[in-house]
Amino acid sequence: MTSPSASSAPAPLLEVQGVSLAYGPIVAVRDVSIAVPAGSVVAIVGANGAGKTTLLKAICGLLPLSGGSIRLDGADISTLAAHKRVGCGIALSPEGRQVFPDQTVADNLELGAYWRNLSQKDLDAAVEEQFAIFPRLKERRNQPSVTLSGGEQQMLAIGRALMAAPRLLLLDEPSLGLAPLIIKDIFKAIVRLRDSGMTILLVEQMANLALAVADTAYVLENGRVTMTGTGQELLRDPKVRAAYLGAGH
Ligand SMILES: Nc1ncnc2c1ncn2[C@@H]1O[C@H](COP(=O)(O)OP(=O)(O)O)[C@@H](O)[C@H]1O
Ligand SMILES: [Mg+2]
């Protein structure tokens with residue numbers, strides 16, 4: 001039977017429900033709930049130490065939950081091993097890039113597709129897709145990654161995550177430590193990914209940048225969500241402006 005109102009919204013691609021996380025006795029994240037609808041960019045902003053990286057690690061399966069649940073497309077993945085979550089379509093570009101320094105750019109990218117078991121031809125095609133997004137990587141394809149600038153390493157970290165063909169791309173502090181012009185390039189690439197339909201969960205200390213590209217955003221303070229709204233709403237909010245967008249931000 002079809003209902004004329006057909007108003008039931010589809011489940012979000014990612015649903016974090018009441019999640020708490022601890023390092024031994026230290027509780028880093030408390031009762032956090034966030035939803036990431038397919039095709040949207042969701043930002044989590046907050047100061048250093050707020051729990052942003054901890055939350056992303058938990059979504060990837062790198063930290064066990066001490067409470068709550070994580071669902072992908074409605075299926076509970078709370079206890080799924082990290083490598084299986086990659087197979088389910090979750091890929092992380094980690095804070096601090098963490099590219100393999102002695103490996104070339106091309107090798108780092110290929111490692112991102114490890115689980116896909118592609119033929120060499122398909123692997124080459126996937127690498128070329130990343131070069132189309134980040135042309136600077138193509139010029140450096142045979143250089144060891146340690147020789148790249150910070151901005152190029154960030155592009156490589158994002159490219160490596162994209163090589164996993166994710167349905168959900170997690171970006172942890174893509175602007176960290178980079179010069180303003182390079183940050184602009186990185187965010188242009190994020191906008192292009194958004195426009196191509198990629199679902200992105202973006203963690204940033206640079207709240208102005210993240211909120212400007214986000215459909216929805218959450219403010220995380222001391223491990224708790226304290227505010228949520230559209231990116232534009234939070235950009236205009238006096239409390240957010242005072243705490244995260246004032247002088248020095
Ligand atoms: N490996 C760890 N062991 C103990 N405490 C940690 C560890 N990693 C992070 N923390 C603590 O958890 C809290 C949240 O850290 P983190 O998630 O890295 O914050 P953010 O990414 O927002 O800067 C901080 O108080 C931090 O000191
Ligand atoms: Mg962090």
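The shown structure was predicted, so the numbers you read here are calculated from the model rather than taken from an experiment. We count ligands from 1, going down the list as the structure has it; atoms in each ligand are counted the same way. Residue numbers start at 1 and run along the sequence shown.
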Original post:
D76 and S78: which non-hydrogen atoms are nearest, and at how many Å?
Top reply: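 Where D76 meets S78 most closely, the heavy atoms are OD1-OG, 2.5 Å.
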Original post:
Is E95 close enough to the Mg ion (ligand 2) to have an N, O or S atom under 2.8 Å?
Top reply: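 An N, O or S atom of E95 is closer than 2.8 Å to the Mg ion (ligand 2), so yes.
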Original post:
Any N/O/S of T53 under 2.8 Å from the Mg ion (ligand 2)?
Top reply: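 Yes, T53 qualifies, because one of its backbone or side-chain N, O or S atoms lies under 2.8 Å.
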Original post:
Counting only heavy atoms not in D124, do more than 12 fall under 6.0 Å of its CG?
Top reply: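 Yes, enclosed.
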Distance under 4.0 Å to a non-hydrogen atom of [X]: what atoms of ligand 1 satisfy this?
X   : result
T53 : 17 (O), 18 (O), 20 (P), 21 (O)
A47 : 22 (O)
N48 : 23 (O)
A28 : 12 (O), 13 (C)

Any idea which protein heavy atom is nearest [atom], and the distance to it?
atom                    : value
atom 9 (C) of ligand 1  : Y23 CE1, 3.4 Å
atom 17 (O) of ligand 1 : T54 OG1, 2.5 Å
atom 19 (O) of ligand 1 : G51 N, 3.1 Å
atom 23 (O) of ligand 1 : G49 N, 2.7 Å

Original post:
Can you find a protein heavy atom under 4.0 Å from atom 15 (O) of ligand 1?
Top reply: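 Under the 4.0 Å cut-off, atom 15 (O) of ligand 1 does have protein heavy-atom neighbours.
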Subject >> Non-hydrogen protein atom less than 4.0 angstrom from atom 26 (C) of ligand 1 >> reply: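 Under 4.0 Å from atom 26 (C) of ligand 1, zero protein heavy atoms found.
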Original post:
So, R167 and D73, do they make that salt bridge, N to O below 4.0 Å?
Top reply: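 A salt bridge links R167 with D73.
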Subject >> Under-4.0 Å salt bridge between R116 and E110 >> reply: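 Result for this pair is no, no salt bridge flagged.
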Original post:
Heavy-atom contact under 4.0 Å between G46 and ligand 1?
Top reply: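 It does not, in that no heavy atom of G46 comes within the 4.0 Å cut-off of ligand 1.
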Original post:
Could a heavy atom of G223 be found less than 4.0 Å from some atom of ligand 1?
Top reply: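 Heavy atoms of G223 never come under 4.0 Å of ligand 1.
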Original post:
Going through the checks in order, is the side chain to side chain donor-acceptor pair (under 3.5 Å) test met by S33 and Q17?
Top reply: CA-CA 4 Å; S33 297; Q17 279 178 332; over 6 Å; no
**OP:** Verify whether one side chain among N142 and T104 offers a donor that lies under 3.5 Å from an acceptor in the other.
**Re:**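 Their side chains do not contain a donor-acceptor pair, so the 3.5 Å distance test is not met.
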**OP:** Classify the side-chain pair T54/Y23 by whether it contains a donor and acceptor separated by less than 3.5 Å.
**Re:**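 Yes, side-chain donor-acceptor contact under 3.5 Å.
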**OP:** Start with the C-alpha distance between E128 and R141, add both sets of side-chain angles, then the distance that settles salt bridge (charged side-chain N to carboxylate O under 4.0 Å, His left out), and finish with yes or no.
**Re:** CA-CA 10 Å; E128 288 301 327; R141 68 185 304 159; 3.2 Å; yes
Subject >> Any S145 side-chain heavy atom under 4.5 Å of P101 side chain >> reply: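 Counting from C-beta outward, S145 and P101 never come under 4.5 Å.
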**OP:** Report the residue from Q154, K184, E204 that forms a side-chain hydrogen bond (donor to acceptor under 3.5 Å, both in side chains) with S175.
**Re:**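 Option passing the side-chain hydrogen bond (donor to acceptor under 3.5 Å, both in side chains) with S175: E204.
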Original post:
Judging by distance only, is a nitrogen or oxygen of A50 under 3.5 angstrom from one on ligand 1?
Top reply: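 Yes; at least one N/O pair falls below 3.5 Å.
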